[in-house]
*Asks:* 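Can you read through this structure? Questions will come right after.
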Amino acid sequence: MEQTRPPEEFVSSRPPAPPASAWRVLAVALTLVLVLVLAAGLWAHWRSLSDDDAARLGARATVASVRTGLHPDPSVLPDAVLADQEAAFGPAATPSQARHLEARGTGAPPSSLADAAARLEDVARTSPNGELAATAASVAASWWAVEPPPAGADPTARRTEESEAGSGAGSPAASKVPTEEGDGEDTDDDAASSCEPAQLAAVTALDRARFTAEAAAARIPADAAQRGTMDAVTDTLDATLREPAVTPMLSCDPAPVAGGHVLPAGFAEDPTRAVGGTLREASAALVSAVGASSPEDRDWLLTGLLETAVTAQHLDPEHPVPALPGRD
């Protein structure tokens, strides 16, 4: 009979070790997951709130306050527009972020739409984040169109005196404003440092609006009320284009201003409304330039944005106020 039992030398006197239990492996894995979750929770709870997040969430809270506390005229600024503006600032604060914001102090809610716009203007002026600055400027422009600040209640006349004190009528392309006393020419370094494409596009849009306003004034009788408005718009745009921050750009190649522009469609039927349309285009270009510029270069852009947004709505009130001019 054939032997089936292994030889004596191959038989172990010790029993075989039991296999590792599956539940022990699962327990170790779950423990590791729990540790990671707890670590992530503690990090989210204790990590500080960056200045950029604080500015973004503060801007979002300002829009929320306008929606829930100020209730602007829905025929001019419907809630759907405000919802789009709130969403443009990204997701709402997490519980941890909300705690940090509360610790920083949020202050009183805005007292008016103009007050809310001023808060967003401050974000647009100071934020190192270009995307956030442009979004804040865009929403502020929309609100300025609905409710101008008290100082800009008559935006078409804000700079008439400055323009009259300038070098006279005519496009800024025809004359250079000295950058220093006794020097009528911009230096090559100044011009080169100012030739940022988005800013040049804004200057071109402002120059086209000025050209259109001047052409509209030529078609309106001198004794008509609209003639005075067109003259004031032209003077305001003249003053903007003679800002010290703008004049070095006139030496860029290609130059951002021209001797003439193509008049917009519909100009012959309604010159005033056509001017409003070119001002809206200028507002959009200024918003884009805010996003592409450093905080120290935004003062003239935001001043011009206020003037163009308010005046465009005044000249063309039937046009809906855009939710995010220059960001759509």
Side-chain angles (χ1 to χ4, degrees), residues 72-73 75-77 112-114 117 140-174 202-243 246 257-286 300 302-322 325:
D73 185 352
S75 65
V76 181
L77 199 62
S112 66
L113 197 59
S142 176
W143 294 351
W144 282 326
V146 175
E147 185 179 331
D154 186 12
T156 58
R158 287 181 69 189
R159 297 188 177 182
T160 302
E161 293 182 2
E162 295 178 26
S163 179
E164 290 174 350
S167 57
S171 172
V203 173
T204 300
L206 289 167
D207 191 59
R208 182 170 184 254
R210 182 205 174 282
F211 175 85
T212 307
E214 192 174 51
R219 287 175 173 253
I220 300 173
D223 58 349
Q226 286 184 331
R227 174 61 180 273
T229 299
M230 287 299 106
D231 288 340
V233 171
T234 302
D235 290 341
T236 299
L237 292 170
D238 257 341
T240 299
L241 291 167
R242 290 191 173 91
E243 286 275 3
V246 176
V257 297
H261 297 272
V262 176
L263 292 171
F267 175 83
E269 292 77 17
D270 193 341
T272 299
R273 188 170 186 176
V275 173
T278 59
L279 288 169
R280 281 196 171 89
E281 293 173 1
S283 292
L286 287 163
W300 78 270
L302 291 167
T303 299
L305 180 60
L306 168 61
E307 292 167 343
T308 55
V310 173
T311 309
Q313 195 63 28
H314 172 71
L315 297 179
D316 186 13
E318 295 180 2
H319 192 287
V321 176

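Counting begins at 1 with the first residue of the sequence. Everything numeric here is computed off the predicted structure, so don't read it as measured data.
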*Asks:* Roughly how far apart are Leu305 CG and Leu279 CG, rounded to 0.5 Å?
*Replies:*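 One gets 11.5 Å once the value is rounded to the nearest 0.5 Å.
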*Asks:* Closest approach of Ala209 and Leu237, non-hydrogen atoms and distance?
*Replies:*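 Here Ala209 and Leu237 meet closest at C-CD1, 3.7 Å.
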*Asks:* Determine the minimum heavy-atom distance between Ala274 and Pro264, stating which atoms define it.
*Replies:*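 It is CB-CG, 3.8 Å.
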*Asks:* Start with the C-alpha gap between Thr308 and Thr240, add the side-chain angles, then the distance that decides, and say whether side chain to side chain contact (heavy atoms under 4.5 Å, CB included) holds.
*Replies:* CA-CA 10 Å; Thr308 55; Thr240 299; over 6 Å; no
*Asks:* So, do Phe211 and Leu263 sit near enough that their side-chain heavy atoms are less than 4.5 Å apart?
*Replies:*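 With C-beta onward as the side chain, the pair touches.
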*Asks:* Working to the nearest 0.5 Å, report the span between CD1 of Ile220 and CD of Gln226.
*Replies:*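 The CD atom of Gln226 is 5.0 Å from CD1 of Ile220, to the nearest 0.5 Å.
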*Asks:* Applying salt bridge (Lys or Arg N to Asp or Glu O under 4.0 Å), name anything that partners Arg227, two or more places apart in sequence or on another chain.
*Replies:*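 Result, salt bridge (Lys or Arg N to Asp or Glu O under 4.0 Å) vs Arg227: Asp231.
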*Asks:* Listed by chain and number, what are the side-chain hydrogen bond (donor to acceptor under 3.5 Å, both in side chains) partners of Thr212, not counting sequence neighbours?
*Replies:*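 Result, side-chain hydrogen bond (donor to acceptor under 3.5 Å, both in side chains) vs Thr212: none returned.
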*Asks:* By side-chain hydrogen bond (donor to acceptor under 3.5 Å, both in side chains), which residues pair with Asp73, not counting sequence neighbours?
*Replies:*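 Partners of Asp73 by the side-chain hydrogen bond (donor to acceptor under 3.5 Å, both in side chains) criterion, ordered by chain and then number, come out as Ser75.
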*Asks:* Using 0.5 Å steps for rounding, measure from the CG atom of Asp316 to the OG1 atom of Thr311.
*Replies:*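 Separation between the atoms: 12.5 Å.
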*Asks:* Looking only at heavy atoms, what is the nearest atom pair of Ala114 and Pro149, with distance?
*Replies:*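 Looks like CB-CA, 3.9 Å.
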*Asks:* Run the side chain to side chain contact (heavy atoms under 4.5 Å, CB included) test against Ala216 and tell me which residues pass, sequence neighbours left out.
*Replies:*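 Expected list: Met230, Phe267, Pro271, Val275.
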*Asks:* Atom CG in Asp207, atom CG in Asp238: separation rounded to 0.5 Å?
*Replies:*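 Going from CG on Asp207 over to CG on Asp238, the span is 9.0 Å.
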*Asks:* To the nearest 0.5 Å, what is the distance between CG on Leu315 and CD on Gln313?
*Replies:*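 That separation rounds to 9.5 Å.
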*Asks:* Is the shortest side-chain heavy-atom distance between Leu286 and Trp300 below 4.5 Å?
*Replies:*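 Yes - at least one pair of side-chain heavy atoms lies under 4.5 Å apart.
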*Asks:* Got a sec, which residues hit side-chain hydrogen bond (donor to acceptor under 3.5 Å, both in side chains) with Glu281, two or more places apart in sequence or on another chain?
*Replies:*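 Listed in chain order: Arg208.
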*Asks:* Can you name the nearest heavy-atom pair linking Ala141 to Ala309, along with the distance?
*Replies:*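 Heavy-atom minimum between the residues: O-CB, 3.6 Å.
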*Asks:* From His314 NE2 over to Thr229 OG1, what is the distance, rounded to the nearest 0.5 angstrom?
*Replies:*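 So the NE2 of His314 and the OG1 of Thr229 are separated by 5.0 Å.
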